[in-house]
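Residue numbering restarts at 1 for every chain, and letters A, B, ... go by the order of the sequence lines. For clarity, every value in this text was computed on a predicted model and none was experimentally measured.
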Amino acid sequence: SQQGEEDPQALSIQEGENATMNCSYKTSINNLQWYRQNSGRGLVHLILIRSNEREKHSGRLRVTLDTSKKSSSLLITASRAADTASYFCATDRRNNDMRFGAGTRLTVKP
Amino acid sequence: NAGVTQTPKFRVLKTGQSMTLLCAQDMNHEYMYWYRQDPGMGLRLIHYSVGEGTTAKGEVPDGYNVSRLKNQNFLLGLESAAPSQTSVYFCASSYGGLVYEQYFGPGTRLTVT
C-alpha cells in the first residue's frame, strides 16, 4: 500500500509561475523525501526533510512539513520548461522500507 | 563515477521464462534496493540489501529472488515470469538507511507476454 499520496495528480502551468504539490501520509514518519522523475528516467533526489523540521530550502525548491496534519508540500518557484517531470514524495517506514506516492505530473509550458 | 547502472535496458520474455536483472553501483554504498513502477503508481519495493550477502523482503517480493554477491552488485531474478510482472524495474543504492537519499539507475523495461 502507498504511504504518501500526492495532490494534484497533474498540474499544468506557464513558465515563470510557481508550482505547488502536496503530499499526505498516514502513519508517523522519521523523514520525508521528494524525488523528481523525467520521462523514461530514474528518480533523482531533490530534498529530505526530517520530522523535527518544518521547512527546508534548496535553490528554487521549498519544502514544508506539518506532522500534525501528516502532510508536506513542495513549492517550485519561477518554474522553467525543464522542470517538467513527475514529482514523488517518499516516506520512511520500518525495516528500511520507503513508500512512494503515485506522483504529481507537472507540465511547464514555455 | 558511473553511479548506478542497470542491464539490460529492455527485455521481452514469454510467460514461464526466467531472467536476471543486474544492478551495479560504484559509490561503495551499503544499501541497495529493487523497485518496480507500474503506470499511475509510485515505486514499490521488491527486495533490498543492507550489505554484502544480506537480503530482505520489501512490499511486493513474491515471484522474485535477489542476491548480493559483492557490495557493488545486486541481482534480481525472475524464475518463472508472469504477465503481472510486466513493469519498469529500478535499482537504487544509498549510503545508509532511510535517512539518506537514494540514487537510482535508469531502469529496465520488462514486458512479459
Side-chain angles (χ1 to χ4, degrees), chain A residues 1-10 21 23-53 56 58 61 63 65 72 74 85-105, chain B residues 2-7 9-10 21 23-25 27 29-51 54-61 66 68 74 87-109:
Chain A
S1 61
Q2 292 169 314
Q3 162 77 319
E5 292 187 6
E6 291 88 348
D7 170 58
Q9 290 185 340
M21 289 157 269
C23 169
S24 59
Y25 56 92
K26 296 172 186 169
T27 60
S28 62
I29 60 172
N30 294 313
N31 64 70
L32 184 145
Q33 301 185 38
W34 284 92
Y35 286 82
R36 183 188 75 228
Q37 184 180 33
N38 290 91
S39 182
R41 301 285 194 89
L43 277 69
V44 174
H45 181 264
L46 294 176
I47 201 163
L48 180 152
I49 187 166
R50 304 188 193 285
S51 60
N52 61 354
E53 297 175 312
K56 211 162 179 182
S58 177
L61 306 181
V63 168
L65 179 64
S72 173
L74 170 66
S86 292
Y87 292 82
F88 297 88
C89 68
T91 53
D92 64 327
R93 289 185 57 170
R94 63 185 187 283
N95 299 333
N96 294 299
D97 186 353
M98 191 153 70
R99 295 294 171 99
F100 288 80
T104 291
R105 173 75 187 157
Chain B
V4 180
T5 58
Q6 293 182 233
T7 52
K9 288 187 169 52
F10 303 94
L21 282 68
C23 175
Q25 53 92 7
M27 295 172 281
H29 286 167
E30 288 292 321
Y31 287 63
M32 297 187 74
Y33 309 84
W34 274 108
Y35 294 92
R36 60 178 288 173
Q37 184 178 34
D38 299 298
M41 298 185 72
L43 276 71
R44 291 184 291 168
L45 183 66
I46 304 171
H47 286 280
Y48 65 95
S49 168
V50 300
T54 73
T55 62
K57 294 180 180 179
E59 182 185 0
V60 288
V66 287
R68 185 85 179 270
F74 195 29
S87 189
V88 181
Y89 291 85
F90 288 99
C91 176
S93 71
S94 70
Y95 177 75
L98 298 181
V99 296
Y100 294 94
E101 66 181 277
Q102 294 188 9
Y103 293 80
F104 282 81
T108 295
R109 185 173 294 275

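The part of R50(A) that comes within reach of chain B is its side chain, from C-beta onward, which places non-hydrogen atoms under 4.5 angstrom from that chain. Of the two parts of L43(A), the backbone and the side chain both hold a non-hydrogen atom closer than 4.5 Å to a non-hydrogen atom of chain B. Interface remark: Q6(B) contributes no atoms to any contact with chain A (heavy atom separation under 4.5 Å). Only the backbone of Y100(B) comes within contact range of chain A, judged by heavy atoms closer than 4.5 Å. With a 4.5 Å cut-off on non-hydrogen atoms, Q37(A) touches chain B through its side chain but not through its backbone. With a threshold of 4.5 angstrom between heavy atoms, N31(A) approaches chain B through side-chain atoms but not through N, CA, C or O.
No hydrogens or angles considered: nothing links the side chains of Q102(B) and Q33(A) as a donor-acceptor pair under 3.5 Å.
For the atom pair CD (E101(B)) and CD1 (I47(A)), the distance works out to 11.0 Å, reported to the nearest 0.5 Å. Atom-to-atom distance recorded for F104(B):CZ and R41(A):CZ is 15.0 Å, nearest 0.5 angstrom. Atom CE of residue M98(A) and atom OG of residue S94(B) lie 8.0 Å apart, to the nearest 0.5 angstrom.
Put simply, of P106(B), G107(B), A56(B), the one with the most heavy-atom pairs under 4.5 Å next to chain A is P106(B).
Atom CD of Q9(A) is surrounded by 12 or fewer heavy atoms from other residues, nucleotides or ligands within 6.0 Å.
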